[in-house]
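Side chains are part of it too, since the values below use all heavy atoms of this structure and drop only hydrogens, waters and symmetry mates. Lettering follows sequence order; numbering is per chain, from 1.
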Amino acid sequence: MKVYEIDLERKDILINSYRNKLLLNKSTHIETTITDLLQNQDKNSIKLIYENYGDALLGVIMRIVGEREVAEDIYQDSLIKIWKNGKKYDPRKGRLFTWLLNICRNTAIDYLRSAAFKNEQSIQKEDPLVFKSDVAYDINIESIGINDLVLKLESKYQEVIRVVYLQEYTHQEAAQKLALPLGTLKTRLRTAIKLLKELI
Amino acid sequence: MDIQAYIESGILELYVSDKLPENEAQEVYEYAQRYPEIQREIESIEASLITYFSTFTQEKSSQHLLTASLATIDNLSEEDVFPSPAFVPESSINTREDESKIKSLSPSSGNDSSNFWQFLLVASAVLLLISIITNVYLFNAYFIAQDNIASLEQKFEGELLAGQTYYRNLITDLTDTNTVEISLSPIDPQIPSEAVVYWNRFNNKVFVQILDLPEPTDNQQYQLWAIKPEDPTPTSVGVFDYTQLVQEQPILISGPIASFAISLEPKGGSDFPTMNQIYNMGEVKL
């Protein structure tokens, strides 16, 4: 019986040391830190998200809704949703950035779908799901002078990134939307990201 | 697996977009854990997208957005924050509900017999629930214990088998017709010491059996030496463990050998025996 107890104790020590090793290896990753903080309902998670992904998330919302002021409101709502749902995030199910992006994108799309928006748009008889930014963004390029990066990327690559990352389509639907075979969608997306990497 | 081809397929870009079917996403996750190149590529795709999306803001997001969001979070009540279902055991919720039922019934239960039966019913339900929870808990504990016993049994069987093999080989070596038994007698009759060396003339293996030797200190070790007939310099046959009764020496020794000797040396052994520390010696008689 004594041997049995010692063995169980040893097993626990082994499991703990293995787990610590794993934690240690990944501790440099900001995602792990944020995930842990979200799990522990620590407000620093929101600070770190703001610092590391803030501009990108606000950018995504802006690209969808088009107006800075509205985008900022949606961004704040999104941060609060992220905080409220922090414990639900599971790294095994997807990347942290993707999860954050989804919350922001869906909040922005929900805004476009909202009754107020529909009413406002019904006068103009526009489809609420046609991204406001599709129109407004092009104008902004002219008026504000956008970062060179966007201008340098060919429009078909900008489009594939927009359809895949900023809209709610499945990958098949995205391929249909762009009238591309699925394989071509994948390679075009890969090329788009490669070009981005070169431009950055 | 051709990692480069996998990366080039564009599947990782879709993974980052969360557009893959669940099984494919799971596969990417597992590969990323296994292959650092895939993990790095995913991170690099993300980094590019983060930079790209950041350009959409035209100007950086101002700090007041963070401050305002944190203030809203501070004002959220506990209930507003989504509780994780995984951390609230269902049993605890049920028990609490049932307890509240008992409390609401008990004040009016005084003389009313129907209330008393109701109370009894609820009480039995609670007891049944507690019993079920305990059973589930004990049943799980039982299975865990069974698993542990099975793994221990497996471990002991392995050790037993290894032990059996070791002793079978030892017996084969010691009873081999080429093995010569050499008794090593004490040099100083005042210090009782006795050991036996088994030397196989054919395969040159050497075993030492300690029958009686004074216990060495922590920084000392006994060392076995072989002395060749025409060479006065003893050859080391390695140090040995004082606590082990019979052991094979790490060094093979080929004949002819005139005698074997044991000396006490500093831990790790010496190149040459310390002459006043030779305890036993025995002549090889063929």
If you round to the nearest 0.5 Å, how far is [atom2] of [Y] from [atom1] of [X]?
X	Y	atom1	atom2	result
B:L65	A:S78	CG	OG	11.0 Å
A:L79	B:S69	CG	OG	4.5 Å
B:I42	A:T98	CD1	OG1	9.0 Å
A:R95	B:Y29	CZ	OH	10.0 Å
B:I45	A:L196	CD1	CG	11.0 Å

Greatest number of heavy atom pairs closer than 4.5 Å to chain B - which of [options]:
options	value
A:L189, A:T191, A:T170	A:L189
A:E51, A:R105, A:R68	A:R68
A:R92, A:K43, A:Q172	A:R92

Side chain to side chain contact (heavy atoms under 4.5 Å, CB included) involving [X] - partner list, sequence neighbours excluded:
X	value
B:P214	B:I191, B:S193, B:Y222, B:Y279
B:S9	B:I11
B:I132	B:L128, B:V136

Should we count [atom1] of [X] as having more than 12 external heavy atoms under 6.0 Å?
X	atom1	result
B:Y166	OH	yes
A:K81	NZ	yes
B:E22	CD	no
A:K197	NZ	yes
B:Q164	CD	yes
B:Y167	OH	no

So, are A:K194 and B:E8 salt-bridged, with charged N and O less than 4.0 Å apart? yes

Does any backbone or side-chain atom of [X] lie under 4.5 Å from a heavy atom of chain B? Answer side chain, backbone, both or neither.
X	value
A:R188	neither
A:L101	side chain
A:D77	neither
A:I49	neither
A:V160	neither

Interface residues of residues 12-21 of chain B facing chain A - non-hydrogen atoms under 4.5 Å apart: B:E13, B:L14, B:Y15, B:V16, B:S17, B:D18, B:K19, B:P21

For a 4.5 angstrom cut-off between non-hydrogen side-chain atoms, does [X] reach [Y]?
X	Y	value
A:R190	B:I7	yes
B:L49	A:F97	yes
A:I61	B:F53	no

Under a 4.5 Å cutoff for heavy-atom pairs, which residue among B:E41, B:E30, B:Q26 has the most contacts with chain A? B:E41

For B:A25, which atoms come within 4.5 Å of any heavy atom of chain A: side chain, backbone, both, or neither? neither

I need the minimum non-hydrogen distance between B:S54 and A:A56, along with the two atoms involved. OG-N, 3.4 Å

Residue pair B:F56, A:L166: steps toward the side chain to side chain contact (heavy atoms under 4.5 Å, CB included) verdict: CA-CA 12 Å; B:F56 295 160; A:L166 305 188; 4.2 Å; yes

